[in-house]
Amino acid sequence: IIEPQPMGTAGALRLARDHFKSNPVMVMNGDSFVDANLCDFLNNHIASEAEGSLLCTKVDDAGRYGRIDCDEDGRIIRFVEKDPDFHGEGLVNAGIYLFNTAMLDYIALSFGASLEHDIFEKLPERHLNTYAGTFTFIDIGTPESLALAPEVFRRIS
């Protein structure tokens, strides 16, 4: 499906909603990579009985990313905005999601372009599940991180 104009992550899911046939549906950002076992992620999502799950990874310097706080059961308590002054370890969204039909329907009826800000942050606490670990991860959202991508892929191959 080709967007008529950039619609953001939530808008793209709204546009594609009628084409999803599986339950759950796995959605991936196109500008990031995480070396995690997606079968384990799916099993975790199913066991959690959540309508949506985010694959998350721990990074050493979480300042350039929004961070995620979750409880001992892996349920998201809150999202913390990007903070370039923060220079500590944190759990970040790795850009891979599993959504059940109910979550896809909720997104389809919502407003706003951003999945993270317009959808996730407005959900009740503990509504979303996390599958978290320390995985090889790269987000190529800056020229500097894009330049690191060949080295990241060399290390995991």
Side-chain angles (χ1 to χ4, degrees), residues 1-3 5-16 19-20 22-48 50-100 103-104 107 112-121 123 127-157:
I1 296 175
I2 299 172
E3 297 171 306
Q5 69 274 340
M7 302 174 73
T9 48
L13 286 173
R14 268 186 227 103
L15 183 65
H19 298 275
F20 298 136
S22 66
N23 184 23
V25 168
M26 184 175 288
V27 176
M28 299 179 178
N29 289 352
D31 62 352
S32 60
F33 170 82
V34 62
D35 189 22
N37 185 315
L38 299 181
C39 292
D40 289 347
F41 177 39
L42 175 61
N43 291 334
N44 175 274
H45 170 74
I46 292 168
S48 77
E51 292 178 2
S53 292
L54 283 68
L55 197 154
C56 299
T57 188
K58 289 182 184 173
V59 296
D60 292 334
D61 187 358
R64 91 169 249 229
Y65 309 101
R67 297 184 314 280
I68 294 173
D69 289 340
C70 55
D71 66 15
E72 63 279 351
D73 296 323
R75 294 299 182 119
I76 296 176
I77 298 170
R78 71 182 180 122
F79 293 87
V80 181
E81 288 293 325
K82 293 178 185 179
D83 180 0
D85 295 326
F86 179 86
H87 297 290
E89 184 181 87
L91 190 63
V92 302
N93 175 358
I96 302 180
Y97 314 98
L98 284 163
F99 298 133
N100 289 357
M103 179 60 75
L104 292 168
I107 294 167
S114 171
L115 192 57
E116 294 81 359
H117 299 293
D118 298 318
I119 307 297
F120 295 162
E121 291 181 5
L123 290 170
H127 193 81
L128 294 171
N129 180 58
T130 62
Y131 174 71
T134 303
F135 306 113
T136 299
F137 169 73
I138 187 164
D139 175 349
I140 59 169
T142 67
E144 297 80 19
S145 62
L146 177 59
L148 296 173
E151 178 57 30
V152 169
F153 288 113
R154 252 191 307 281
R155 282 193 313 242
I156 62 169
S157 58

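No hydrogens, no waters, no symmetry mates; every other heavy atom, side chains included, goes into these values.
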With side chain to side chain contact (heavy atoms under 4.5 Å, CB included) as the test, would you mind laying out the steps for R14 and M7 before giving the verdict?
CA-CA 9 Å; R14 268 186 227 103; M7 302 174 73; 5.7 Å; no
Working note: I76 + L123, criterion side chain to side chain contact (heavy atoms under 4.5 Å, CB included); need CA distance, chi angles, decisive distance, verdict.
CA-CA 10 Å; I76 296 176; L123 290 170; over 6 Å; no
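- In plain terms, the two heavy atoms of A149 and I140 that are nearest each other are CB-CG2, 4.3 Å.
- When each of N93, L91, V92, L98 is tested with L54 by the rule side-chain contact (heavy atoms from CB on, under 4.5 Å), just one qualifies, namely N93.
- Within the 3.5 Å criterion, the main-chain N or O of D139 finds a donor-acceptor partner in the side chain of S145.
- Taking all atoms of both residues into account, the shortest heavy-atom contact from S114 to A10 is C-CB, 3.9 Å.
- Although no hydrogens or angles enter the test, the distance criterion places no donor-acceptor pair under 3.5 Å between the side chain of N100 and the main chain of M103.
- Heavy atoms of other residues, nucleotides or ligands lying less than 6.0 angstrom from CG of D60 number 12 at most.
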Derivation and outcome, side chain to side chain contact (heavy atoms under 4.5 Å, CB included), residues I68 and V80:
CA-CA 6 Å; I68 294 173; V80 181; over 6 Å; no
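- Sorted by first then second residue, the salt bridge (charged side-chain N to carboxylate O under 4.0 Å, His left out) pairs that include residues 81-93, not counting sequence neighbours, number zero.
- Across all non-hydrogen atoms, the minimal contact from D73 to D71 is N-OD1, 2.9 Å.
- Counting only heavy atoms from C-beta outward, the side chains of V27 and L13 approach each other to under 4.5 Å.
- Within the model, atoms OG1 of T142 and CZ of R64 stand 4.0 Å from one another, a figure rounded to the nearest 0.5 Å.
- At distances below 3.5 Å, not a single donor-acceptor pair connects side-chain atoms of T130 with backbone N or O atoms of C56.
- Side-chain atoms of N37 come within 3.5 Å of backbone atoms of D40 as a donor-acceptor pair (strictly under, hydrogens ignored).
- Of all the heavy atoms in N129 and A50, the pair that sits closest is CB-CB, 3.7 Å.
- In this structure the side chain of H45 reaches within 4.5 angstrom of the side chain of P24, judged on heavy atoms.
- The distance from the OG1 atom of T134 to the NZ atom of K58 is 5.0 Å, given to the nearest 0.5 Å.
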Step-by-step side chain to side chain contact (heavy atoms under 4.5 Å, CB included) determination, F41 to M26:
CA-CA 10 Å; F41 177 39; M26 184 175 288; 4.2 Å; yes
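- A donor-acceptor pair is defined here as one N or O able to donate and one able to accept, closer than 3.5 Å; such a pair exists between the side chain of D118 and the backbone of A113.
- Of all non-hydrogen atoms in S48 and R75, the two that sit nearest each other are O-NH2, 2.7 Å.
- When the salt bridge (Lys or Arg N to Asp or Glu O under 4.0 Å) test is applied to D61, no partner is found at least two apart in sequence or on another chain.
- Under the 6.0 Å distance and 45° angle rule, R67 does not count as a cation-pi partner of F79.
- Counting all heavy atoms, side chain and backbone alike, S32 lies closest to G95 at OG-CA, 4.2 Å.
- For F99 and Y97, the distance between ring centers is under 6.0 angstrom.
- Within the structure, salt bridge (charged side-chain N to carboxylate O under 4.0 Å, His left out) pairs that include any residue of residues 140-157 comprise E151-R154 (at least two apart or interchain).
- Between L148 and I138, some side-chain heavy-atom pair lies under the 4.5 Å cut-off.
- In this structure, Y65 has its ring center closer than 6.0 angstrom to the ring center of F137.
- No side-chain donor-acceptor contact under 3.5 Å links T136 and D35.
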